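Working notes, beginning with the structure itself.
These figures come from a predicted structure and were not determined experimentally. Remember, it's 1-based here, ligands and their atoms both numbered in the order they're listed.
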Amino acid sequence: MLNPVTTSESIGVYDSGVGGLAVLRALKAKLPGESFTYVADCGNAPYGDRSPQFVESRARDIAGFLTACRAKALVIACNTASVVAAHGLRDHFDLPIVAMEPAIKPAALLTRSKVVLVLATSNTIRSPSVARLCNTYAADTRVILQACPGLADQVERAQFDHQVTRQLLEAYILPGLAEGADTIVLGCTHYAFLGNEISRIAGPSVTVVEPSDAIASQLSRVIAVSPLPQGRAAATLFYTSGPTQQLAAFLESIGEPSAQVHALPTVGAQRQSGTSQALN
Ligand code: DGL
């Protein structure tokens, strides 16, 4: 039985909910010596149609909590929070911050039909960041920006293989395919859990771009990577602002049955105490 290492130098990972767990999986595979503290703001998910002010304020509060937990770096495993809040967080917090944005640049290099379909939340789709990515990297490509209301909710409920999920996916994907898209960008971390279903609907000739591995590579470039702990396991802590049993059940459904989940302390307490317990 491996003992957990101290979490005093963990990497903070944050999403509106469960979507960032796909990113966390890639981070753990790439950086097996690191400990992680994952915060799911499930009590406030989805962020997709929230006001940017709300998302910004949650991102700042949760980054404050993770900083108080002595995180050595922060991964915003959420496109919506990244496009809305990453800039402000970098101004406010003095630690490396890895943020996400829809993988329009790699998709523009991959597409042969020169039509790319981007699936993301409404906030991400209408963000200036996405407009900048299209103008900078995909000037010769038609980028179809498809907001996907309801889809993140289905993932939060772990309804991957569900009729409502399939109906939503077909409504969001088929029109873009009919326009000639041969590349689909998963511009919301929640959609990684629907990758199989998306590939099934799109068919084998369509490339689905999912950026978790690229984020893990990016993180390994910006931190001093910890060595593999000898005889001890790196720890992962989970916090949620929603029901702890719900996140625990989700973790179990994706193959992490023994994860223990804690309630995210309220923001005032978060900044003062910053305590955490080593789990795993
Ligand atoms: N997982 C998030 C993203 O990557 C947001 C989903 C949501 O809360 O609407 O954008």
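Atom numbering of ligand 1 starts at 1 in the shown order; those under 4.0 Å from a heavy atom of D15 are 1 (N), 2 (C). Taking every non-hydrogen atom of C188 and a distance limit under 4.0 Å, the qualifying atoms of ligand 1 come out as 1 (N), 2 (C), 3 (C), 4 (O), 5 (C), 6 (C), 10 (O). The ligand atoms of ligand 1 that sit less than 4.0 angstrom from a heavy atom of N79 are 3 (C), 4 (O), 10 (O). With ligand atoms numbered from 1 in the order given, ligand 1 contributes 3 (C), 5 (C), 10 (O) to contacts under 4.0 Å with heavy atoms of T80. Proximity to H190 (heavy-atom distance under 4.0 Å) selects the following atoms of ligand 1: 1 (N), 2 (C), 6 (C).
I11 pairs in a side-chain contact (heavy atoms from CB on, under 4.5 Å) with only one of the listed residues (T236, L66, T37, L219), which is L219.
Within 6.0 Å of atom NZ in K105, 12 or fewer heavy atoms from other residues, nucleotides or ligands are found, so the atom counts as exposed in its surroundings.
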Pair D213-K30, salt bridge (Lys or Arg N to Asp or Glu O under 4.0 Å): steps then yes or no: CA-CA 8 Å; D213 289 340; K30 179 83 180 176; over 6 Å; no
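By the 6.0 Å and 45° rule, R50 stacks over the aromatic ring of F54.
The list of side chain to side chain donor-acceptor pair (under 3.5 Å) pairs with a residue in residues 127-138, not counting sequence neighbours, reads E101-R132.
For ligand 1, the polar-atom distance check finds no N/O of T121 at less than 3.5 Å from any of the ligand's N/O atoms. The shortest N/O to N/O separation between P46 and ligand 1 does not fall below 3.5 Å.
By the rule that hydrophobic residues join a cluster once side-chain heavy atoms approach within less than 4.5 Å of another member, L133 and V208 end up as members of separate clusters.
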I'd like a table of donor-acceptor pairs (distance under 3.5 Å, sequence neighbours excluded) in which one partner is a side-chain atom from residues 173-185, with atom names and distances.
unit_1, atom_1, unit_2, atom_2, d
E179, OE1, R142, NH1, 2.8
E179, OE1, R142, NH2, 3.3
D182, OD1, T111, OG1, 2.6
D182, OD1, S113, OG, 3.2
D182, OD2, R112, N, 2.8
D182, OD2, S113, N, 3.0

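If you look at D49 next to ligand 1, there are no close heavy atoms at all, none under 4.0 Å. The proximity of S16 to ligand 1, defined as any non-hydrogen pair under 4.0 Å, is limited to the side chain. With a 4.0 Å cut-off on non-hydrogen atoms, T189 touches ligand 1 through its backbone as well as its side chain.
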